[in-house]
Amino acid sequence: MKFRCERDVLVEALGTATRAVASRGGALPVLSGVKADLTGDRLVLTGSDLDLTIQVAITVAGQQDGVAVLPARLAADIVRALGPGAVHIDAEGDEAQISSGRSEFAVRLLPAEDFPRLPETPGDEVTLDAAAFEEALKQVVRAASHDDARPILTGVLMAAEGDGLRLVATDSYRLAVRDLPGTTVLREGQTVLVPSKALGELTRVLSGAETVRLRLAERDATFEVGETKLTTRLIEGEFPNYRQLIPNTHPNRLTVGREPLLEALRRVKLLAREATPVRISLKADGIELTAITQDVGQAHEDLDAKYEGTEMVIAFNPEYLADGVEAVKGDEVTLETVDALKPAVVKSVESQDYLYLLMPVRVS
Amino acid sequence: MSSPSILHVDMDAFFVSVELLDQPELRGRPVLVGGAGARGVVAAASYEARAFGVHSAMPSTRARQMCPHAVFLAGRHWRYQEVSTAVFGIFHDVTPLVEGISLDEAFLDVSGGRRLLGDGPTIAAEIRRRILDEQGLTCSVGVAPRKLTAKLASEAAKPKASIEGPVFGPGVVVVEPAEELAFLHRHPVGALWGVGPATRARLDRLAVRTVGDLAALPEEAVVAALGNAAGRHLHALAWARDERAVVPDAKVKSIGHEETFATDHHTLETLDRELLRLGDAVATRLRKAGVTGRTVQVKIRFHDFRTITRSETVPEAIDTAHDVVRIARRLLGDVDPSPGVRLLGVSVAHLAEGAARQLTFDDAETPGWTGATRAVDEIRDRFGDAAIIPAALTGRRPKRRGDSQWGPDR
């Protein structure tokens with residue numbers, strides 16, 4: 001395999017494919033590599049940890065077709081370090097020459113025949129608006145769990161809801177629900193559970209794109225954006241029944257500016273260390289945020305807001321609350337509560353397509 | 001120079017003295033507190049027992065050989081805790097600067113009380129009098145310009161064991177600043193903190209026997225023998241350069257229980273019942289202290305004394321037996337107990353006050369463990385700890401603080 005390529009093009013493609021490369025080789029050492037497959041002028045780079053596979057195709061000046069598996073991190077580091085201009089790669093036997101200008105590297109290749117055959121997702125392709133999908137993913141992925149001990153909660157549920165698509169994630173402390181009306185991806189009643197890690201990577205790929213093509217099958221899902229293809233294994237298992245968690249009525253309702261609340265939280269949480277919460281005192285004429293850490297100090301901030309309901313103090317993990325407020329669109333957010341021990345709902349004043357449910361911190 | 005104001009107060013044979021207080025008929029006899037079983041150790045020995053060479057931390061079987069007629073008591077940790085709290089109350093009447101070392105030992109800085117209460121020696125005598133009057137117990141007090149010498153002074157104030165019975169010490173030993181170095185230099189070098197057998201062997205080669213011998217050496221020679229950090233540190237101590245202040249008691253960093261079993265456990269099934277008992281007891285103490293924790297640690301000691309610990313930190317602060325046991329179980333699940341487990345410990349660290357707890361959706365759905373736990377606490381407060389226990393432990397009593405701490409009774 002032999003080709004020439006602009007450094008910047010190769011850096012970006014390697015960077016994207018490498019994001020799926022297993023951080024530790026694990027059972028299959030070859031998975032610490034990125035596969036380069038050249039046919040004519042089309043170079044396809046593939047990185048995979050078997051759960052997630054990212055494939056990027058770029059156009060290069062091909063000189064000799066072939067397949068090689070380069071050590072992923074090393075190759076990406078070398079190409080990034082080279083001077084601007086053309087990069088020559090020539091893989092022959094068990095070594096590849098990477099050169100540019102007067103720099104030349106020889107790196108040992110990984111055995112290409114060991115690279116596993118990766119799944120092709122069958123099924124019909126559905127095209128979605130990339131910007132809308134990216135926004136929805138960002139709103140929901142944040143609520144997914146990172147705890148591998150509870151694999152179900154590390155996924156984002158995709159389900160048909162009414163005439164549209166619904167995305168749901170929860171780590172058991174908070175729950176994010178986003179509806180994309182008019183987007184039909186799944187059959188009525190069909191649900192899939194997509195690893196949030198894969199969707200996090202997808203949001204990076206989506207930025208700036210126009211459309212994303214999506215295929216869903218029993219075991220895996222594929223997202224294609226331009227020449228980048230991301231395939232992920234789906235999580236098996238039953239997602240918790242989240243509907244029953246959302247309270248039907250909320251007697252208390254706070255309306256407050258989104259940006260002022262975020263800024264106040266950002267300041268006050270400096271004094272909310274070691275999992276101490278931020279307390280919010282809800283009163284008709286405004287709210288007060290307080291954070292107290294024993295032996296460190298305390299922070300207070302008053303905020304103008306509109307509050308209808310019973311006066312009360314409710315406490316939250318400031319990170320979790322800021323996550324929800326940040327995810328909401330528009331200038332104003334509402335915080336609806338039942339009491340200091342029941343889930344609270346963060347929503348936008350303008351649109352009803354997103355909901356963030358958050359459990360308080362008990363401070364009694 | 002002003003009079004010394006650092007006090008080291010050390011209760012005399014504390015556990016044994018408390019037992020004698022409650023069972024005066026045992027006075028004058030050799031009494032041991034500790035684990036009486038094959039694996040127990042001596043936690044405290046009366047002066048009558050010490051005359052036979054018995055000392056604390058000695059295996060109980062050895063103590064029995066040396067002093068077969070000794071009365072062996074299992075120890076009542078809760079009672080020692082109770083008395084200790086009262087004694088520390090007296091310390092706190094004198095100064096807020098109380099640094100507890102253990103239940104029966106503390107450093108006090110009384111430099112602030114001079115005008116109101118008198119100088120260090122006066123306060124030391126007053127503390128001894130109050131502890132004797134109010135608790136019926138004796139203690140020894142060292143008064144010196146710094147912690148290092150105060151500790152040595154309290155040792156010098158202690159009663160000594162002899163075949164004819166205890167020989168009472170002076171009770172209070174005062175080391176005036178002018179005589180501090182001479183006092184320190186008289187001691188064997190092993191009296192310095194941080195001088196263990198290995199260091200002593202190295203110093204032996206330099207013919208260093210006393211602290212004075214060590215002080216007489218140039219610092220470079222000590223550094224050459226012991227390494228840079230240890231050498232400088234010990235040389236400074238030998239010249240009574242010990243600037244450590246009396247630090248008022250640090251907050252508790254973790255709450256835990258551990259237990260040595262009468263016979264080894266070889267299966268996860270039987271070990272799990274012990275885990276449940278310990279976890280239940282730890283969670284109860286967390287709630288009584290009004291704290292929650294985020295890190296659960298499990299300690300396992302195998303039959304050959306090999307000891308491992310496993311810990312996990314979770315995002316939500318926990319204080320229920322359900323949560324403590326759930327995480328501890330996960331940690332224990334990776335351990336192979338088949339060689340035999342002689343000790344199991346469960347502790348919770350990363351403590352936060354105010355019982356702040358991140359609720360989960362499970363709490364919202366059902367009254368859940370939060371409600372059940374509150375009910376357990378109310379029942380235990382009214383009817384005692386044994387009134388309600390996890391179902392898997394039916395027929396056993398709940399773990400109490402200090403149970404089998406020094407080895408099982410049988």
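In the text below, chain A, chain B and the rest are named by the order of the sequence lines, each starting its count at 1.
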- [ ] Apply side-chain contact (heavy atoms from CB on, under 4.5 Å) to B:Gln358 and A:Phe316, showing your working.
- [x] CA-CA 8 Å; B:Gln358 171 68 55; A:Phe316 296 105; over 6 Å; no

Open item on the list: Assess the residue pair A:Tyr173 and B:Leu359 against the criterion (side-chain contact (heavy atoms from CB on, under 4.5 Å)); give the C-alpha distance rounded to whole Å, side-chain angles, the decisive distance to 0.1 Å, and a yes or no.
Closed with: CA-CA 7 Å; A:Tyr173 311 116; B:Leu359 300 173; over 6 Å; no

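Within 6.0 Å of atom CD in A:Glu236, 12 or fewer heavy atoms from other residues, nucleotides or ligands are found, so the atom counts as exposed in its surroundings.
The distance from the CG atom of B:Asp319 to the CZ atom of A:Arg362 is 5.5 Å, given to the nearest 0.5 Å. Once rounded to the nearest 0.5 Å, the distance linking CD1 of A:Ile246 with CZ of B:Phe361 reads 8.5 Å.
Residue contact with chain B, scored on non-hydrogen atoms closer than 4.5 Å, is absent for A:Ile292.
The candidate with the highest count of non-hydrogen atom pairs below 4.5 Å against chain B, out of A:Leu357, A:Leu358, A:Asp147, A:Thr170, is A:Leu357.
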